[in-house]
Amino acid sequence: MADTPDDSFELYDLRVEVVAPEGGPIYCGAKVGDHFELRGEMLHLPPGQGFSIYSLAALLPLLPAKQRPTHAHDWMTTDTEVACPDPNCSSRFRITRTGKRRFSHAATTAVPLPNDRG
């Protein structure tokens, strides 16, 4: 089976945590320290903790990009905080890469890799 191509790829696991200036108003229902983790495509919340769907909607487009390896100078690598979508809310959501996880292409999609062997 030495001919079998490696179909693996890596994604970062992410932790998204609520941060805010001390005494700043928070209207999204979050508390400083609330968080969730993204492992692969699975979102994990601690037991008994919720997360605003509006805040989540602001974060969702960024999470797949934050999961992928990026150049050290890319803003996607360096910028780690996202503002709450409520302009009157002082909370921000800090996205931290916490580790890497390896996936198999064949285990994540029904679309086969192209045969590059000609």
Side-chain angles (χ1 to χ4, degrees):
M1 295 252 175
D3 263 7
T4 305
D6 179 9
D7 78 338
S8 67
F9 62 98
E10 291 182 329
L11 296 176
Y12 284 99
D13 288 340
L14 303 175
R15 178 183 172 98
V16 178
E17 183 174 358
V18 177
V19 296
E22 191 168 329
I26 298 178
Y27 297 109
C28 61
K31 295 184 290 301
V32 171
D34 282 356
H35 69 279
F36 66 83
E37 293 183 359
L38 185 61
R39 296 179 219 132
E41 66 181 84
M42 300 303 295
L43 188 117
H44 298 268
L45 287 161
Q49 184 194 291
F51 207 87
S52 163
I53 61 168
Y54 305 107
S55 299
L56 190 57
L59 290 162
L60 281 176
L62 299 172
L63 297 179
K66 291 295 272 185
Q67 284 186 301
R68 282 154 174 78
T70 50
H71 190 278
H73 301 166
D74 187 332
W75 72 269
M76 190 58 71
T77 304
T78 60
D79 296 18
T80 61
E81 292 187 5
V82 178
C84 178
D86 182 336
N88 298 304
C89 185
S90 67
S91 69
R92 296 175 101 50
F93 306 100
R94 182 173 296 143
I95 304 170
T96 305
R97 291 171 167 172
T98 60
K100 283 186 179 176
R101 190 174 300 266
R102 185 171 293 279
F103 296 89
S104 161
H105 180 272
T108 58
T109 181
V111 177
L113 288 170
N115 184 353
D116 291 332
R117 295 197 189 130

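The basis for the numbers below is simple: all heavy atoms, side chains too, and nothing from hydrogens, waters or symmetry mates.
For the ring-ring contact (aromatic ring centres under 6.0 Å, His included) test, residues two or more places apart in sequence or in another chain that qualify with Phe51 are Phe36, Phe93. With sequence neighbours excluded, no residue forms a ring-ring contact (aromatic ring centres under 6.0 Å, His included) with Tyr54. Tyr27 is linked by a ring-ring contact (aromatic ring centres under 6.0 Å, His included) to nothing, counting only residues two or more places apart in sequence or in another chain.
Between Lys31 and Val18, the shortest heavy-atom contact is O-CB, 3.5 Å.
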The test is side-chain contact (heavy atoms from CB on, under 4.5 Å); show your working for Ile26 and Ser90 and say whether it passes.
CA-CA 6 Å; Ile26 298 178; Ser90 67; 4.2 Å; yes

Is there a side-chain contact (heavy atoms from CB on, under 4.5 Å) between Thr77 and Arg97? Walk through the geometry before answering.
CA-CA 9 Å; Thr77 304; Arg97 291 171 167 172; 4.3 Å; yes

Under the criterion side-chain contact (heavy atoms from CB on, under 4.5 Å), I'd like the reasoning laid out for Val16 against Leu38: C-alpha separation, chi angles, the key distance, then a yes or no.
CA-CA 8 Å; Val16 178; Leu38 185 61; over 6 Å; no

side-chain contact (heavy atoms from CB on, under 4.5 Å) for His35 and Arg94? Distances and angles first, verdict last.
CA-CA 9 Å; His35 69 279; Arg94 182 173 296 143; over 6 Å; no

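Note: Thr80 OG1 to Leu62 CG = 11.5 Å, rounded to the nearest 0.5 Å. Atom-to-atom distance recorded for Lys66:NZ and Thr96:OG1 is 8.5 Å, nearest 0.5 angstrom. To the nearest 0.5 Å, atoms CE (Met76) and CD1 (Ile95) are separated by 8.0 Å. The line from CZ of Phe103 to OG1 of Thr109 is 13.5 Å long, rounded to the nearest 0.5 Å. Taken to the nearest 0.5 Å, the CD atom of Glu17 stands 10.0 Å off from the CD atom of Glu37.
Cluster membership check: Leu59 does not share its hydrophobic cluster with Met42, using side-chain heavy-atom separations under 4.5 Å among Ile, Leu, Val, Met, Phe, Trp and Tyr.
Checking Arg102 against Ser8 by side-chain atom types alone, a donor-acceptor pair falls below 3.5 Å.
In Glu41, the CD atom is not crowded: 12 or fewer heavy atoms of neighbouring residues, nucleotides or ligands sit closer than 6.0 Å.
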